[in-house]
Amino acid sequence: MSTFVDVNIVKYLCSCGKRHPVCRLYLCRHCLKLRCGDCVQHEVDTPYCPNCLENMPSAEAKLKKNRCSNCFDCPSCGHTLTTRATSTSVPDPEDPNKTTPKKMYYMVCGFCRWTTRDVGIQDKPVASGGWEDLENKDTKQIFSLLETYEKIAQKEKAEKERKKYVRRRSYLSYAAGMDKYGMVSVAAKRKQGNLANLSIKENEEVSFSMVKPSETVKTFDPLPESIFTEPIQLDKMSTISQRHASADFQPGESSALYPLHKHLLIRRSLRCKECEHNLSKPEFNPISIKFKIQLIALHHIPEIKIFSLPELNLKKECKVVLTLTNPSAYNCSISFLQPDPKEDNFSNAKVELPKHPIVVAQRDDAALYDDGSQGHEAFKDDPSVIAYRKSNKVGFFMKVKPQNPDEDVKLSFLLKHEYRNTAIALPSENQEPQIASLQHQVFINLGPPKKK
Amino acid sequence: MPLLEGLSYSSDKNVIVFEIGAAYTRCGLAGEAGPRCIVPSQVKNKVTGKVEKLWDFETVDQLYENLKDFLFNLYFRHLLVNAKDRRVVICESILCPSAFRDTLAKVLFKHFEASSVLFAVGQVDCLLGLGTHTGLVVDVGYNETVVLPVYEGIPVLKALQCVPLGGKSIHKRIESQLKETGKITTGSKEEEPLSTVPDCLNEEILEDIKVRCCFVTNLQRASQIHKVTLHGEDQSKLPLPPPGVKYPLDGNRLLLVNGGVREHSCEVLFEQDNEQQSISTIILDAIINAPIDMRRDLAENIVIIGGTSMLPGFHDRLCVELYHLLKNNKYQNELSIKLFKFHKLLTKENCACWLGGAMLGALETLPSKSISRDTYLQTGKLPDWCCLSEETEEQEKATARS
Ligand SMILES: [Zn+2]
Ligand SMILES: [Zn+2]
Ligand SMILES: [Zn+2]
Ligand SMILES: [Zn+2]
């Protein structure tokens, strides 16, 4: 029965032309169109640490490379490290012959048992902070190189501005364009520069000579002889993901693994690309699971589900029961239309849709706890159309005639319903909410027909 | 933080630098010394739940969807920045197929609305990270090894060499050797040959065996090994292998990886099997194919990059073997080189291209070297990279006029 739960069986057409299950869609209240993850603008809200749940301003987060200063991950397995306290004896400052107990702290992984002591990191006298970071000694030289490049680039840019009005397009760039791979005009290209995307030499050799090139070596250290005779211990060698987790150092041995600052997360807000209104905006406080704005389609659009599926016999009429759920706080009248056959390349079965609109009761959270026996009388239902009613759900029959023995039975229809737009109305001025009529195309895959 | 913007080009614009390698992707911000993260170049398909490698695409539509999901994760889980109106630097291989580049450009411009994209050739821009602009770049990657001479910032394309030897060929070799000689035990039971237990190896395990157990042996032992494995001499001539390893598989099964596998598998890079080519011979071939007046400079500025070159023993072996090959008749007659010099990188071998891209992205000249979204949307395609300068110049002129 798991297929009945599979959200991918029933899909709605998003305004961008993609088909998604309704739980993946948003409804923009201003454009009154469905939007999906692919056609909305994703925006980064404030970063926060998933462990200490502390917000960090974006500027600071950038400086700290999106990592929390106080929380650490295990470099061995990635689990969060916890701080442990131990007691050691230190000489008493007043009487050197006596000792006093002192609290010291180290970090331990509750999952794989890795500790900072394993790799020779000294215990710290304070509970948080105090863990020095590894220093990359090449960083200094990288930045000094970059500084020089910046100067050259500035010069080049200024030069270009100056030349812009004087220079005519030279014959040389045509030649370079035609000589795709050859070396015909190395000299010419050298003047034109730019294949390396940094045309330093165009200006003057003098500038590049400011750059101090890296050292060269003539030989490398050979493998230690011990590698041919000593057995290796697998657990002393780090795995590639452990190495990559510390991209600057990539230690080959487990003994060089170092605690990793915990990576921050962000909350995302979503914005409609057309009208730029927010479709989803989380609350600022990372502890809260609420949203300031959350316009998911499930809260506004009637949902279709498959309730029961008979045997799908070829060329025979099969009665499929679909459930229709009304999420709004008003009774909703829903009608079904055939899609334009010219535009429908999805369905492959003959379908008989309910001819008259179906009214579905409003969502009433209290009624969910009743047994649902009342309320039936309010609607005069045609039992050949309506299979059952329960609070804001209606089960209705749809007659399907499978045509193609080799494909899944697929059908498509338009679902038309009213939508009370509370976004624009101002309740304080007693304005009536605006009522709009929305129409969505729905695609259902009923699975393979029965084989004879 | 609009207050801080405009202070310095690199520090506040958050230019994004991606290097989408065949096996791993590096990503981070321009002007920084290292990538923020290194992640496998793969995505989990949302519908099927299967992991798909980015480069194993069947159609460009599939690639588009996968790149979209993949980059989304990088932007919002690792970099934590908005993608819209952001400048991007892509470090790509000189051999990057245009279908990949075009699709990537489409995803960046149309889906993520990047304000500009610079496509930089990784094997060229890695020299920036060394403060040089002449070098013989040896890029030992996952699918292939590329050797590209770069002279004063310009790639000497007619001397470009490439062999399909890299991390992947080592994985394949480990697999075939294990299928031949590997044994499995389950503690109490007798050892069984691996071939009786189907499908217990996957690429992840093979990679892990490579990373944690294998090494590139020295030339002396290697020539002994080649005499046996390639020229049919007796097994007894093999040097005494290093000790084997008991490698834990799932369950309580142990895979016995013998010393031969540990030592021999990386030899696939050096065997000269494939039309007498190995990663060492193509280095010399690249020098021979470069103009005579460049050769010495190239030989004295060898730059070894790419993740596969990080195997223990790799650098020493390559260096010793280059001198050894010089004594070969073929090279003795054609090359008068006596000395090789190798650059010491300021970063790890697998981040060298990324670092070059991160430097390009931090410079004020970035906009003039990049393709802007407007240009892309107008023309609907990327200019061929070797005509790029021409196009952007035109574009600049146009903006100057308006
Ligand atoms: Zn959409
Ligand atoms: Zn924290
Ligand atoms: Zn752990
Ligand atoms: Zn909208």
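What you see below is based on every heavy atom in this structure, not just the backbone, and it leaves out hydrogens, waters and symmetry mates. Small disclaimer: the values here were computed from a predicted structure and weren't measured.
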Legend entry - Aromatic ring pairing Phe76(B)/His42(A), orientation class (parallel under 30°, perpendicular over 60°, tilted between): tilted
Legend entry - Heavy-atom proximity to chain B below 4.5 Å, by part of Leu63(A): neither
Legend entry - chain B contact via Phe143(A) - side chain, backbone, both or neither, heavy atoms under 4.5 Å: side chain
Legend entry - Side chain / backbone / both / neither for Arg267(A) at chain B, heavy atoms under 4.5 Å: neither
Inset, instruction - Against chain B, label Asp38(A) side chain, backbone, both or neither, depending on which of its atoms sit under 4.5 Å from a heavy atom there. - result: both
Inset, instruction - Check the side chains of Asp133(A) and His261(A) for a donor-acceptor pair under 3.5 angstrom, ignoring hydrogens and angles. - result: yes
Inset, instruction - Could you tell me which portion of Lys273(A) (side chain, backbone, both or neither) has an atom closer than 4.5 angstrom to a non-hydrogen atom of chain B? - result: side chain
Legend entry - Leu160(B) portion near chain A, given a 4.5 angstrom heavy-atom threshold: neither
Legend entry - Sequence neighbours excluded, every pair satisfying side chain to side chain donor-acceptor pair (under 3.5 Å) that has a member inside residues 229-238 of chain A: Gln233(A)-Lys236(A), Ser238(A)-Arg243(A)
Inset, instruction - For the pair Glu150(A) and Lys157(A), find out whether any cationic side-chain nitrogen is under 4.0 Å from an anionic carboxylate oxygen. - result: no
Inset, instruction - Measure distances from Leu318(B) to the heavy atoms of chain A and classify the residue's part below 4.5 Å as side chain, backbone, both or neither. - result: neither
Legend entry - Parallel, tilted or perpendicular, as decided by the 30° and 60° cut-offs, for the rings of Phe112(B) and Tyr75(B): tilted
